[in-house]
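Fair warning: this is a prediction, and the values are worked out from it, not measured in the lab.
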Amino acid sequence: MVCDVSTKVLPPPAPEPLAPLIDAHTHLDACGARDADDVAAILDRAGAVGVQAVVTIADDLAAARWAAAAAGWDDRVYAAVGLHPTRADALDDAARAELETLAAEPRVVAVGETGMDLYWPGRLDGCADPATQVEAFAWHIDLAKRLGKPLMIHNRDADAAVLDVLRAEGAPETVIFHCFSSGPEMARSCADAGWYLSLSGTVSFRNARELRAAAPLIPADQLLVETDAPFLTPHPYRGARNEPYCLPYTVRALAELLDRPAGDVAADSSANARRVYNLTY
Ligand SMILES: [Zn+2]
Ligand SMILES: [Zn+2]
């Protein structure tokens with residue numbers, strides 16, 4: 001994600017524990033972690049409220065190197081590597097070669113985040129244009145297929161474009177839409193295709209009407225949950241700094257929306273995460 005995170009607001013208090021949970025998409029480096037001690041401290045805070053493992057995501061090459069290393073520092077951390085669609089301009093031959101090597105590492109459990117972002121072009125200096133994003137997305141799809149690893153998709157204001165590229169290239173066996181924020185029609189298309197939809201704090205936002213109408217359409221065995229920390233802090237702490245320990249807030253808001261026990265949503269989503277990422281812990 002590319003967005004502003006306030007550093008002036010106090011961090012949210014620790015939620016009531018809810019276990020077992022797996023944070024399917026987070027950015028430990030953007031949460032401020034530099035070394036193994038920092039990573040352990042974040043995972044200790046998460047573990048204290050039931051978040052047992054996280055997948056930390058890279059959005060550029062330096063972050064990819066860091067994420068793959070972090071997955072080796074701590075048993076509770078796995079990684080995904082790729083170039084964020086807004087940074088698709090950086091996908092030169094050297095970047096491709098390095099990403100291929102990193103993505104093949106055993107604790108790198110997905111390729112991404114990749115996909116399409118039609119919000120930032122024209123708003124963010126240096127953001128890759130849509131045509132460049134399509135080309136990079138296609139390359140990541142091919143890499144995921146060759147490695148037999150899940151594809152982690154970032155989709156911002158780009159439902160039709162993402163589906164077009166997936167159809168044109170042929171989707172890999174396992175596809176995850178991270179921070180799924182679209183409406184019912186897109187949820188149905190993805191669910192019918194057998195793809196996984198990962199919900200973030202946005203599902204707890206009262207004004208996210210389309211998403212809140214879509215969430216009940218996600219089959220229980222295709223649902224993941226994530227923080228996308230340090231971004232998208234769940235209600236009522238919107239605007240504060242997010243971290244994996246905040247995941248129970250999102251899952252409780254989702255459970256209320258689905259009218260299901262929070263423990264069941266936690267158990268389903270973590271079983272799905274274990275299966276989809278082939279987690280070994
Ligand atoms: Zn992200
Ligand atoms: Zn994203």
If you count heavy atoms of other groups shown closer than 6.0 angstrom to CG of Asp92, is the number above 12? yes

Under 3.5 Å, is there a donor-acceptor pair between the Asp60 and His84 side chains? no

Looking at side-chain heavy atoms only, is the closest gap between Glu226 and Thr250 below 4.5 Å? no

Test Thr233 against Glu243 for side-chain contact (heavy atoms from CB on, under 4.5 Å), laying out the working first. CA-CA 8 Å; Thr233 313; Glu243 224 186 75; over 6 Å; no

Can a donor-acceptor pair be found between the side chains of Asp129 and Thr132 at a distance below 3.5 Å? yes

For Phe137 and Ile153: C-alpha separation, side-chain torsions, deciding distance, then whether side-chain contact (heavy atoms from CB on, under 4.5 Å) applies. CA-CA 9 Å; Phe137 186 19; Ile153 291 183; 3.9 Å; yes

Out of curiosity, His235 NE2 to Asn207 CG, how far, rounded to the nearest 0.5 Å? 10.5 Å

When rounded to the nearest 0.5 Å, the distance separating CZ of Arg274 from OG of Ser269 is 9.5 Å

Count the heavy atoms of every other residue, nucleotide or ligand shown that sit under 6.0 Å from CZ of Arg209, and state whether that count exceeds 12. no

Does any non-hydrogen side-chain atom of Val77 lie less than 4.5 Å from one of Leu28? yes

Taking the ring of Tyr78 and the ring of Tyr277, is the distance between their centroids below 6.0 Å? no

pair Leu254-Val225: side-chain heavy atoms closer than 4.5 Å: yes

Contacts of Ala253 meeting side-chain contact (heavy atoms from CB on, under 4.5 Å) (sequence neighbours excluded), chain-then-number -> Ser204

Output yes when a side-chain donor or acceptor of His27 lies under 3.5 Å from a complementary backbone atom of Ile57, and no otherwise. yes

Looking at every non-hydrogen atom in both residues, tell me the closest pair between Cys31 and Pro230 and how far apart they are. SG-N, 3.7 Å

Treating Arg107 as the side-chain partner and Asp75 as the backbone partner, does any N or O pair qualify as donor plus acceptor under 3.5 Å? yes

Keeping the roles fixed (side chain from Arg212, backbone from Val203), state whether a donor-acceptor pair exists under 3.5 Å. yes

Distance (rounded to the nearest 0.5 Å) between Arg275 CZ and Thr174 OG1: 9.5 Å

Would a 4.5 Å heavy-atom cut-off, applied to side chains only, mark Val175 and Pro150 as touching? no

Does the side-chain contact (heavy atoms from CB on, under 4.5 Å) test come out yes or no for Ile141 and Leu166, once each step is laid out? CA-CA 8 Å; Ile141 290 171; Leu166 281 170; 4.0 Å; yes

Ignoring hydrogens, what is the shortest heavy-atom contact between Ala266 and Leu21? Give both atom names and the distance. CB-CD2, 3.5 Å

In this structure, would Leu217 and Leu257 fall into the same cluster of hydrophobic residues linked by side-chain contacts under 4.5 Å? no

Any chain of hydrophobic side-chain contacts (each under 4.5 Å) joining Leu211 to Val162? yes

Do Asp264 side-chain atoms and Pro261 backbone N/O form a donor-acceptor pair below 3.5 Å? no

Closest approach of Glu105 and Ala68, non-hydrogen atoms and distance? OE1-CB, 3.7 Å

Report yes or no: do Ile218 and Leu247 belong to one cluster of Ile/Leu/Val/Met/Phe/Trp/Tyr joined by side chain heavy-atom distances under 4.5 Å? yes

For the pair His25 and His178, name the ring-plane relationship: parallel under 30°, tilted 30 to 60°, perpendicular over 60°. parallel

What are the two closest non-hydrogen atoms of Val55 and Ala80, and how far apart are they? CG1-N, 4.1 Å

To the nearest 0.5 Å, tell me how far Arg87 CZ sits from Gln133 CD. 12.0 Å

When you check the gap from the basic side-chain N to the acidic O, do Asp268 and Arg260 get nearer than 4.0 Å? yes

Side chains of Asp228 and Asn242: does their closest heavy-atom pair fall under 4.5 Å? no

Assess whether side chain to side chain donor-acceptor pair (under 3.5 Å) is satisfied between Thr227 and Thr26, documenting all intermediate values. CA-CA 6 Å; Thr227 57; Thr26 192; 3.3 Å; yes

Separation of Arg96 CZ from His140 NE2 (nearest 0.5 Å): 9.0 Å

Counting only heavy atoms not in Glu173 (residues, nucleotides, ligands), do more than 12 fall under 6.0 Å from its CD? no

Has the side chain of Glu210 got a donor or acceptor atom that lies under 3.5 Å from a matching backbone atom of Ser182? no

Chi angles and distances behind the side-chain contact (heavy atoms from CB on, under 4.5 Å) call for Asn155, Met116: CA-CA 5 Å; Asn155 165 26; Met116 297 291 299; 5.5 Å; no

Could you tell me whether the side chain of Pro12 reaches within less than 4.5 Å of the side chain of Tyr245, counting heavy atoms only? yes

Neighbour count above 12 (heavy atom, 6.0 Å) for Asp93 CG: no

Can you tell whether the side chains of Arg65 and Glu98 come within less than 4.0 Å, N to carboxylate O? yes

Residues, nucleotides or ligands: over 12 heavy atoms within 6.0 Å of Glu185 CD: no

Just verifying a value: how many Å separate Leu151 CG and Glu113 CD, rounded to the nearest 0.5 Å? 11.0 Å

Cation-pi, Tyr119 ring and Arg123 (6.0 angstrom, 45 degrees): yes

So do Tyr237 and Pro11 actually touch side chain to side chain, heavy atoms under 4.5 Å? no

Any idea which heavy atoms bring Arg252 and Pro15 closest together, and the distance? NH1-CB, 4.5 Å

Would you say the side chains of Asp117 and Thr86 form a donor-acceptor pair under 3.5 Å? no

Which heavy atom of Ala262 sits nearest to which heavy atom of Val251, and what is that distance? O-CG1, 4.2 Å

Any side-chain heavy atom of Leu199 sitting closer than 4.5 Å to one from Leu223? yes

Please check this pair: side chain of Trp66 against backbone of Arg34, looking for a donor-acceptor N/O pair closer than 3.5 Å. yes

Can you name the residues that form a side-chain hydrogen bond (donor to acceptor under 3.5 Å, both in side chains) with Arg146, not counting sequence neighbours? Glu100, Asp142

Going only through I, L, V, M, F, W and Y residues with side-chain contacts under 4.5 Å, is there a path from Leu258 to Phe205? no

Do you know which of Ser198, Cys246, Pro244, Ser270 makes side-chain contact (heavy atoms from CB on, under 4.5 Å) with Asp23? Pro244

